[in-house]
S.K.: 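Handing you a structure now.
Sequential numbering from 1 along the given sequence is applied to the chain's residues.
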Amino acid sequence: MPELVTKPCLVQTSQGFSVSYNGRFLYSKYAPAKAITQTVANLSILPGTLILCASPCLWYGLNELLAKFPENCFVLGLEADAELHALAKREFDQRWPSTNADNFEMPVALLETDELLDIVEIISAGKTKHGVSLPPIYQFRRALLLEMSGGFAFHADFYRQIDSAAENAIASFWKNRLTLTKLGRLFSRNLFHNLARLPHSTPLSSFRKKIDRPIVIFGAGESAGHTIKSIPQKAWKNFFVLAVDAALPVLKASDIEPDAIVAVESQLAIEKAYIGCTNAVTPVNNNQAATSSKKTIMFADISSRAQVTAHVGAPDVGTVSYFASDFSDTNFLKDLQTNGLLPPPIPALGSVGLTATYLALQLRAATDIPVYVTGLDFSFSLGATHTRGAPAHIARLSKTNRLMPLANYDAAFRPGATCVQGKNGAVYTDQALSGYAGQFAGFFHGAKNLFDIGKSGLPLGIPIAGLNTDAHKCPCADDACAEKIDECLEEKVAGFFAQEESALERLKELLMYGDEVRSEKMSVQEEITAILARREYLYLHFPDGYLCRPTDIDFLKRVRSEIDFFLKDIRQL
């Protein structure tokens, strides 16, 4: 039994040094490097792997690891113990004294102890707090945790959490890339159209902390229908009803007029939710308080489908209130934000149900005002995917015939669907839906007075409760005074579109004529690079759109085809 010490102590063995620390040897007393070198020898490392070396101490096994590296791999040392970190850093500096922030010839870095909790930010940004650069996240496809010494046991659970966080960060990047490849151009196009309407909208700040009634959030899951049936129709006037857009037909069928709608969907399909639901909307004037109990405000993402705002009233009377969820980390969006041309940002949560919940918590006047969610099931029962009256249910009704029954059993048996235990019996879900449920639980866990009143679906990680229909029985309107929009905003937006049109015309000219239209101040290549660097919307949706490659002819040809598309839109705004 080694003597208990408060600092790591090197111990000479017949085959090198071991380390004695806190009453244990961190390497074998006989052959310190044998175990880790054997582990490395048995590893199968795929290209694009971020290797997390937990508790590297003397860095045994690192040379063997580097010797079998495929392309696009990197070693990131993790040490949660301050004393062991100091030891690992000394050894690291002795081996690679010339390693600097821009040198990836030696693909190894050691994180500082205070950086471990920021592993997601570090991997995503490619840079640590202390100035050490990592390869960009698009170089990686996976993370691999490697126990480098016995020091791993001191913080084993913590290292596993870091590994999970790193895996999720890399997976999230590529999931987002798949989404942007499919919808990135549409996001940008919607943003331009909504930006033109922004000067005529109602600022989101007009409604923040103004709602003094309990808020009920309606999704389109089956539990929404059960909630509606269990509550008397006249009781809904006591609540502020916040509906995701897919739930609009369900509420209309029960004569429940929502106080607000949340819209984040960018595609055409969502317009089905607004069919027959436009005549109950009373617009709100931009310069007066929202006092009508029959008002309906649309909280719309700046990248959501611009056409749906027409379904809730004319844009020039301030019916719509915009927010911005960052769909990509780009200079283009940062410039808009810096110049005051984007509405208030909110986290990019992916699901309209999560976004509605986030907004509801911002809208309530105080944290003691309860917020209830229903219809956010993130699952479905055998034969049904949504509650009755939802667009998906109506579409199924219209297609029903002898060969296609009303009950939609296909969904439960499609690839990826699984049967799991829900709040009230077995339900069906898939990876995407269950992922949203897990994200809901993680993001809103601990939110005060947030309750789940849905009787079916996956657990959301918040208390389950009944709806108290006697609460705040006074039907008085909420004090949601519409603030005046920035008088200069319309001029700023017009200036922005004029600037973009000019920049795109110039880029088009440079790509077509090259040196014939060269500027005296910079070369053609420099000017093309400068324009593209601030306008990622031109190539964000390319499969390789995470890189701007102004010297690649194939890339520039694809960019050239996008210029006319966006110019046409901008000129129509």
S.K.: Using modelled atom types and a 3.5 Å cut-off, is there a donor and acceptor pairing between side-chain atoms of Glu112 and backbone atoms of Asp114?
M.R.: no
S.K.: Pair Val427, Phe378 - check side-chain contact (heavy atoms from CB on, under 4.5 Å), show working.
M.R.: CA-CA 10 Å; Val427 293; Phe378 303 114; over 6 Å; no
S.K.: Is the shortest side-chain heavy-atom distance between Leu84 and Phe154 below 4.5 Å?
M.R.: yes
S.K.: Is a side-chain N or O of Gln267 found less than 3.5 angstrom from the main chain of Ala269, in a donor-acceptor match?
M.R.: no
S.K.: Quick one: does Tyr358's side chain get under 4.5 Å of Phe443's, heavy atoms only?
M.R.: yes
S.K.: List for me each residue that meets side chain to side chain contact (heavy atoms under 4.5 Å, CB included) alongside Arg141, sequence neighbours excluded, and say none if there are none.
M.R.: Trp174
S.K.: Got a donor-acceptor contact below 3.5 angstrom from the Ser434 side chain to the Gln431 backbone?
M.R.: yes
S.K.: How far does CG of Leu195 sit from NZ of Lys492, to the nearest 0.5 angstrom?
M.R.: 12.0 Å
S.K.: Would you tell me whether Glu222 and Ser456 have side-chain atoms, one donor and one acceptor, within less than 3.5 Å of each other?
M.R.: no
S.K.: So, the side chain of His393 versus the backbone of Gly389: is there a donor-acceptor pair under 3.5 Å, distance only?
M.R.: yes
S.K.: Pair Leu433, Phe380 - check side-chain contact (heavy atoms from CB on, under 4.5 Å), show working.
M.R.: CA-CA 10 Å; Leu433 291 174; Phe380 48 91; 4.1 Å; yes
S.K.: Would you check if the side chain of Arg208 reaches a backbone N or O of Leu363 as a donor-acceptor pair within less than 3.5 Å?
M.R.: no
S.K.: Considering only heavy atoms from C-beta outward, does the side chain of Leu50 approach that of Leu144 to under 4.5 Å?
M.R.: no
S.K.: I need the Ser266 OG to Leu191 CG distance, nearest 0.5 Å.
M.R.: 11.5 Å
S.K.: With sequence neighbours excluded, what pairs up with Lys129 under the salt bridge (Lys or Arg N to Asp or Glu O under 4.0 Å) test?
M.R.: Asp118
S.K.: Which atom pair, heavy atoms only, marks the closest approach of Leu460 to Asp452?
M.R.: CD1-OD2, 3.8 Å
S.K.: Restricting to pairs with a member in residues 322-344, which pass side-chain hydrogen bond (donor to acceptor under 3.5 Å, both in side chains), not counting sequence neighbours?
M.R.: Asn194-Tyr322, Asp301-Ser325, Asp329-Lys334, Asn331-Glu536, Asp335-Arg534
S.K.: Treating Ser164 as the side-chain partner and Gln161 as the backbone partner, does any N or O pair qualify as donor plus acceptor under 3.5 Å?
M.R.: no
S.K.: Sub-3.5 Å donor-acceptor pair from the side chain of Ser133 to the main-chain atoms of Lys127, do we have one?
M.R.: no
S.K.: Counting only N and O atoms by type, is there a donor-acceptor contact under 3.5 Å from the side chain of Gln139 to the main-chain atoms of Phe74?
M.R.: no
S.K.: Do Ile122 and Leu134 touch side chain to side chain, with heavy atoms closer than 4.5 Å?
M.R.: yes
S.K.: Does the side chain of Phe444 reach to within under 4.5 Å of the side chain of Leu354, using non-hydrogen atoms?
M.R.: yes
S.K.: Which pair of heavy atoms, one from Ile261 and one from Leu242, lies closest together, and at what distance?
M.R.: N-CD1, 4.4 Å
S.K.: Does the side chain of Ile270 reach to within under 4.5 Å of the side chain of Val308, using non-hydrogen atoms?
M.R.: yes
S.K.: If you measure from CG on Asp259 to CD1 on Ile297, what distance do you get to the nearest 0.5 Å?
M.R.: 9.5 Å
S.K.: Write down the atom of Asn449, the atom of Arg364, and the distance for their closest heavy-atom approach.
M.R.: O-NH1, 3.6 Å
S.K.: Minimum heavy-atom separation for Ala243 to Leu248, with atom names?
M.R.: CB-CD2, 4.5 Å
S.K.: Any carboxylate oxygen within less than 4.0 angstrom of a Lys/Arg side-chain nitrogen, looking at Lys448 and Asp368?
M.R.: no
S.K.: For atom NZ of Lys423, decide whether the heavy atoms of other residues, nucleotides or ligands shown that lie under 6.0 angstrom number more than 12.
M.R.: yes
S.K.: Would you sort out whether Leu467 and Phe451 count as a side-chain contact (heavy atoms from CB on, under 4.5 Å), showing the intermediate values?
M.R.: CA-CA 9 Å; Leu467 191 62; Phe451 304 103; over 6 Å; no
S.K.: Can you find a heavy atom in the side chain of Ile302 that is under 4.5 Å from one in the side chain of Asn190?
M.R.: no
S.K.: For the backbone of Gly353 and the side chain of Thr357, can you confirm whether one donor and one acceptor N or O come within less than 3.5 Å of each other?
M.R.: yes
S.K.: State, without any angle test, whether Thr429 and Ser379 hold a side-chain donor-acceptor pair at a distance under 3.5 Å.
M.R.: no
S.K.: Check Glu79 against Ser55 and note the closest heavy-atom contact, atom names and distance.
M.R.: OE1-OG, 2.8 Å
S.K.: Does a side chain donor of either Gln307 or Tyr274 reach within less than 3.5 Å of an acceptor in the other side chain?
M.R.: no
S.K.: Nearest 0.5 Å, what's the CG-CD1 distance between Leu450 and Ile462?
M.R.: 4.0 Å
S.K.: Decide yes or no for Ser201 and Ser321: does some side-chain heavy atom of the first lie under 4.5 Å from some side-chain heavy atom of the second?
M.R.: no
S.K.: Verify side-chain contact (heavy atoms from CB on, under 4.5 Å) between Asn238 and Trp236, making sure each step is shown before the conclusion.
M.R.: CA-CA 5 Å; Asn238 300 326; Trp236 291 111; over 6 Å; no
S.K.: Can you tell me how far apart OG1 (Thr385) and OH (Tyr409) are? Round to the nearest 0.5 Å.
M.R.: 13.0 Å
S.K.: Between Asp163 and Arg160, is there a salt bridge with N-O shorter than 4.0 Å?
M.R.: no
S.K.: Indicate the atoms forming the closest heavy-atom contact of Ala426 with Gln421, along with that distance.
M.R.: N-OE1, 4.1 Å
S.K.: Return yes if some donor-acceptor pair links the side-chain N/O of Asp430 with the main-chain N/O of Thr418 below 3.5 Å, else return no.
M.R.: no
S.K.: Say you draw a straight line from CG of Asp245 to CZ of Phe299; how long is it, rounded to the nearest 0.5 Å?
M.R.: 13.5 Å
